[in-house]
Amino acid sequence: MSRNLKVRDLTLRDGQQSLFATRMKQEYIDKLLPLYKDAGFYAMEVWGGAVPDSVMRYLGEDPWVRLKSISDAMGGVSKLTALSRGRNLFGYVPYPTSVLEGFYKEAIKNGLNIMRIFDALNDLDNVKESIKLINEMGGIADGAVCYTVDPKEEPAPVVEEKQGFFAKLFGKKHEAPAPAAPEKIFTDEYFIEKAKGMEAYGAKIITLKDMAGLVNPSRAASLISKMKAALNVPVDFHTHCTPGYGLASVVMAMISGVDIVDTNIWYFGGGSAAPAIELVYLFAKRLDINVEVNMEAVGKIRKELKEVRKSLADFDLHKGNFPIDFDPLTDKLPADVEAQFDRAVAAAKANDEDALLDACHAIEKYFNFPKPNLLVKEAEVPGGMYSNMVAQLKALNAEDVLDDAMHLIPRVRRDAGLVPLVTPTSQIVGSQAVSVAIDRKKGHPDYTTKSNQFIALIKGEYGKTPVAIDPAFREKITGSPVERPYDVSSYKAPENPVLNDLGGCKLAENDQEYLLLQLLPSVANGFLKKRREAEHKAAAPEVKEEAKAKAEDAPITGPVERAPMGGKIIEVKVKAGDKVKKGDLLVVYEAMKMENELTAERDCTVKRVFVAVDDVVGTDAPLIEFED
């Protein structure tokens with residue numbers, strides 16, 4: 001007798017985040033929603049992750065409007081789901097319960113049904129309060145266990161004066177890598193205990209969240225089978241195709257009794273995203289599994305998504321590599337491709353991983369899905385992390401350091417306590433790897449440039465890392481070898497200033513806007529300021545005299561503080577004539593979504609300041625000139 005399989009569609013959140021750097025506009029989504037209503041997915045992931053940040057930062061749109069508009073259009077046909085990171089929600093600091101409560105209340109009021117809650121360190125203390133609050137407010141708490149892998153064999157110690165390829169990659173005079181971590185940390189038992197802990201806290205769904213696509217088919221069979229045996233709630237499997245395991249691992253999860261699988265629709269599937277539902281459907285037919293989705297409606301969505309993808313060409317990781325047009329309900333497959341599906345099913349049932357992967361790769365090649373990304377596989381990074389690194393480095397005109405940064409990610413992750421790479425740790429580790437790559441390119445020691453968030457991670461503010469951080473490394477990064485957890489009682493709510501130049505209105509005028517200011521202060525500040533300016537209906541933009549100096553006004557003759565990386569200026573702490581002491585804070589800037597502080601290297605006097613708040617600067621741009 002056939003069994004049913006529920007599907008969580010990721011297209012409107014994780015799919016576009018993994019493939020198109022979260023640049024999908026509201027107008028595209030609005031056009032798709034009537035078709036989604038007909039499709040009847042069990043759930044649609046539409047919010048959370050990078051959506052709240054990106055829609056404000058890049059599209060000038062309101063995240064709350066996005067959630068409410070989708071809820072209104074869907075009318076409860078599919079459960080709407082979002083992704084949040086426990087104590088951190090969508091931001092980069094742990095929040096007190098009052099902020100969690102306010103946020104979840106607004107999210108559920110605006111139509112959210114399922115909140116998938118995870119912690120980047122798999123620290124259960126960071127998720128228990130969120131699970132409790134979501135359940136109390138009538139939502140469905142989905143506890144996500146973040147999958148990661150044990151460290152590879154420790155690299156050989158770095159020595160000075162390297163030559164050839166590794167000289168280019170690692171530079172000169174760098175410290176030896178951190179000591180190898182203990183082996184077999186991330187066993188099946190590790191993940192099962194995390195899952196059982198989340199269920200004990202009240203999670204109504206447990207997701208094995210494989211954000212980097214590193215669950216190979218045999219491990220998928222092992223983990224899903226053990227989760228089904230150990231848990232009393234539905235089990236969901238979330239993975240990506242980046243390293244080449246995704247489709248085969250989903251097939252194994254289906255055979256192993258998984259209740260829900262996460263998929264995307266054709267043109268938003270494969271590559272660094274989750275597998276396409278159309279391929280899952282073809283496998284389900286062969287496994288006598290009923291996929292609980294209206295595939296005719298999916299076909300209509302698929303047609304629209306092809307045009308949407310064309311509009312996102314500037315952000316498409318796989319430009320010119322669209323999968324071929326295909327309708328699983330009407331199109332007949334060539335005999336040799338049909339044979340590959342049969343071969344894959346037989347291999348999966350026999351637990352023959354090599355044959356299963358070979359068949360699935362042949363299937364994906366026929367349909368023109370991207371081949372496995374071996375660089376990503378080696379660096380063990382999530383698809384969304386990779387696509388965002390590409391987009392952000394392109395914006396910074398620094399694409400030349402991408403390969404070096406990718407090779408450095410395992411090293412930085414090891415130094416940081418072998419954290420799973422999922423937001424925010426993926427962004428923290430990824431941007432830090434870029435900083436180290438740039439440091440090396442400039443001939444500077446590793447970790448010369450450190451983001452505030454990397455410092456906080458090493459300090460202990462994000463929670464307990466899977467492996468203890470070397471106290472010597474902690475002292476190098478934070479100035480102290482002592483672990484210092486974040487104290488939520490020290491949380492300071494952001495100011496909500498009165499904008500006198502805009503008629504005396506407040507920057508955030510309601511609870512939803514103030515929550516954005518709390519969760520994403522830097523990007524929300526600019527977004528809300530533009531909103532207030534538009535509402536002020538000024539007859540013409542006011543031309544203000546620049547308060548900053550221009551680099552081209554006069555030759556630079558004194559010592560200069562330059563931007564280590566391109567980014568946006570958040571704060572300028574000094575002005576011309578100020579006397580500063582060594583260690584004084586000069587500028588705070590944002591690069592790759594991370595905040596970085598520049599401090600004075602010696603006692604000196606400020607001669608000129610070349611930047612102001614909200615300026616976007618390039619790498620090595622002059623920021624401050626000092627007196628000789």
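- Electrostatic pairing of Asp188 and Lys226 counts as a salt bridge here, judged by a charged N lying under 4.0 Å from a carboxylate O.
- Look at Lys459 and Glu483 and you find no salt bridge, because none of the NZ, NE, NH1 or NH2 atoms lies under 4.0 Å from a carboxylate O.
- Ion pair Glu106/Lys109 flagged as a salt bridge, since at least one NZ, NE, NH1 or NH2 atom sits closer than 4.0 Å to an Asp/Glu carboxylate oxygen.
- Enclosure of atom CD in Glu292 by more than 12 non-hydrogen atoms of other residues, nucleotides or ligands within 6.0 angstrom is indicated.
- For the residue pair Arg116 and Thr207, a side-chain donor N or O sits within less than 3.5 Å of a side-chain acceptor on the partner.
- Under the side chain to side chain contact (heavy atoms under 4.5 Å, CB included) test applied with Glu45, the options Asp9, Val51, Leu83 reduce to a single match, Leu83.
- A cation-pi contact, defined as under 6.0 Å to the ring centre and within 45° of the axis, is absent between Arg8 and Tyr42.
- Counting only N and O atoms by type, the side chains of Tyr245 and Thr239 include no donor and acceptor under 3.5 Å apart.
- Taking a cutoff of 4.0 Å between a charged side-chain nitrogen and a carboxylate oxygen, Arg343 and Asp358 qualify as a salt bridge.
- Aromatic rings from Phe20 and Phe268 are positioned such that their centres are separated by under 6.0 Å.
- A salt bridge is defined here as a Lys NZ or Arg NE, NH1 or NH2 lying under 4.0 Å from an Asp or Glu carboxylate O, and Arg474 with Asp470 fails to meet this definition.
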Checking side chain to side chain contact (heavy atoms under 4.5 Å, CB included) for the pair Glu461/Leu457: CA distance, chi angles, key distance, verdict? CA-CA 6 Å; Glu461 293 185 359; Leu457 174 64; over 6 Å; no
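- Look at Asp236 and Lys209 and you find no salt bridge, because none of the NZ, NE, NH1 or NH2 atoms lies under 4.0 Å from a carboxylate O.
- Ser249 is linked by a side-chain hydrogen bond (donor to acceptor under 3.5 Å, both in side chains) to nothing, counting only residues two or more places apart in sequence or in another chain.
- Taking the six-membered ring for Trp and the full ring otherwise, the centers of Tyr486 and Tyr462 sit at least 6.0 Å from each other.
- Shown here is Lys79, whose NZ atom has no more than 12 heavy atoms of other residues, nucleotides or ligands within 6.0 Å.
- Checking Ser2 against Asn290 by side-chain atom types alone, no donor-acceptor pair falls below 3.5 Å.
- Relative ring orientation between Trp64 and Trp47 is described as tilted, the plane-to-plane angle lying within the 30° to 60° band.
- No salt bridge links Arg66 with Asp62; every basic N to acidic carboxylate O contact stays at or beyond 4.0 Å.
- Salt-bridge check for Asp150 with Lys184: failed, with every basic side-chain N at 4.0 Å or more from each acidic carboxylate O.
- At most 12 heavy atoms of other shown residues, nucleotides or ligands fall within 6.0 angstrom of atom NZ in Lys464.
- Defined by atom type and a distance below 3.5 Å, a donor-acceptor pair is missing between the side-chain atoms of Gln16 and Thr22.
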